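Okay, structure first, notes after.
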Amino acid sequence: MQRPIYLDNHATTPLDERVLEAMLPYFRESFGNPASVGHFYGWEAEAAVKMARSAIAAGINADPAEIVFTSGATEANNLAIKGIAEAYHQRGRHLITVQTEHNAVLDPCRYLESLGFAVTYLPVQPDGLIDLQVLEQALRDDTILVSVMMANNEIGVLQPIAAIAKICRDRQIIFHTDASQAIGKVPINVQTMQIDLMSLTAHKVYGPKGIGALYVRRSPSRIAIAPQMHGGGHERGMRSGTIYVPQIVGFAKAIELAIASQIPEQQKSLELRQHLWQRLKTLDNIQLNGHPTQRLAGNLNISFSGIKGAALMLALQPIVAISTGAACSSAQTKPSHVLTALGHSPELAHASIRFGIGRFNTLAEIGQVADQIINILPSLQRHL
Ligand SMILES: *Cc1c(COP(=O)(O)O)cnc(C)c1O
């Protein structure tokens, strides 16, 4: 059997061979615990983690001491949002986020509401971008945190992070961004962008699953985070648990590779996306979701009004792996909260498909997928 073409790179990405090679010694002979300070095995593991931490920090212009390793972006988001609420609740009990965020941001916010915090969920414009004036109007004297994702995982839209962060910094409100989809694809500099907290994950950037990080700013002033995992006091007390050395080594390698090849790789993804869109946009009843240019190079999210995205996805299953939206909510029958936030009806939201083009896709694959969609669509529309 030939494996289907993989065009679901927002859900996860394949592990790059070079990342796997970098990880292997740490599964084998170099298996030590970095917290074992009394012998060679511990020192070896500790040295590997130190190098990885420095590489990840360098990739975002942070200090290595500002990187807290977590199990991924879900945990990093939870640590940021709940950790700030717990540490700063005496200053205020109001948070601001956006309706189109990932559930790993929305759910911790809803949880905080159950504890008595107030949360404003900002609307977005029809192109998926927030209106900065609406953000400014939502700020209150008791606002302690603003959380806005850098790149959306469904529609790829890139929010104006530096402008949002400046609004927050001017008012001394802490700013967090979930950069899971952005790292390695767009330039990130936590200093010039004035980011206080930033969530990362390795498996969206050709690294292993189960590892990520929270960047926690230390200067000019230190951000305090209440730990959500208590134990041995690892990661400067912010996240206890034995350091997962092979995953961390792979995470760093993945970030280094992605940043080193960022410009040509994104250029190639953009060309493939433009090719796919050129082929599909001539079809009837088709529309692009999200801002046409201020989006990730490899993201194409479209609605085919009159068909069900799930039906198209099923019909294409032997040929291509695509999805109707976020992997974690695809199984649900609810329409995507991201697309309804753009103003789509539930029907139009259900008629959507997300293409995520990545490092290993080729122009031939894109051509094949476009051919198949163009062939299959009339029969799906007839069955309505
Ligand atoms: C994938 C993703 C997450 C979840 O990351 P995990 O490492 O799988 O927990 C969070 N936010 C965004 C935007 C994502 O794309």
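Whatever order the structure lists them in is the order used to number ligands and atoms, beginning at 1. Remember, it's a predicted structure, so these values are computed and weren't measured experimentally.
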**Request:** Give the atoms of ligand 1, by number and element, whose distance to some non-hydrogen atom of Met149 is under 4.0 Å.
**Result:** 13 (C)
**Fill in**
For Gly72, the ligand 1 atoms with a heavy-atom partner under 4.0 Å come out as 7 (O)
[atom]: nearest protein contact (heavy atom, Å):
atom                    : result
atom 10 (C) of ligand 1 : Asp178 OD2, 3.5 Å
atom 8 (O) of ligand 1  : His203 NE2, 2.9 Å
atom 5 (O) of ligand 1  : Ala73 CB, 3.3 Å
atom 9 (O) of ligand 1  : Thr74 OG1, 2.6 Å
atom 7 (O) of ligand 1  : Thr201 OG1, 2.6 Å
atom 14 (C) of ligand 1 : Lys204 NZ, 2.9 Å

**Asked** If you measure every N/O of Asn153 against every N/O of ligand 1, is any gap under 3.5 Å?
**Response** no
Side-chain donor-acceptor pair present, [X], [Y], cut-off under 3.5 Å:
X      : Y      : answer
Ser147 : Glu101 : no
Glu86  : Gln228 : yes
His230 : Ser240 : no
His234 : Thr242 : no
Gln267 : Glu271 : yes

**Request:** Give a yes or no answer on whether the side chain of Asn77 reaches the backbone of Thr74 with a donor-acceptor pair at less than 3.5 Å.
**Result:**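 The answer is no, because no donor-acceptor pair under 3.5 Å joins these two groups.
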**Asked** Testing Ile195, Ile259, Val190, Ile255 for side-chain contact (heavy atoms from CB on, under 4.5 Å) with Ile60, which one passes?
**Response**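 Exactly one candidate clears the test, Val190.
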**Message:** Yes or no: does Glu75 have any heavy atom under 4.0 Å from an atom of ligand 1?
**Reply:** no
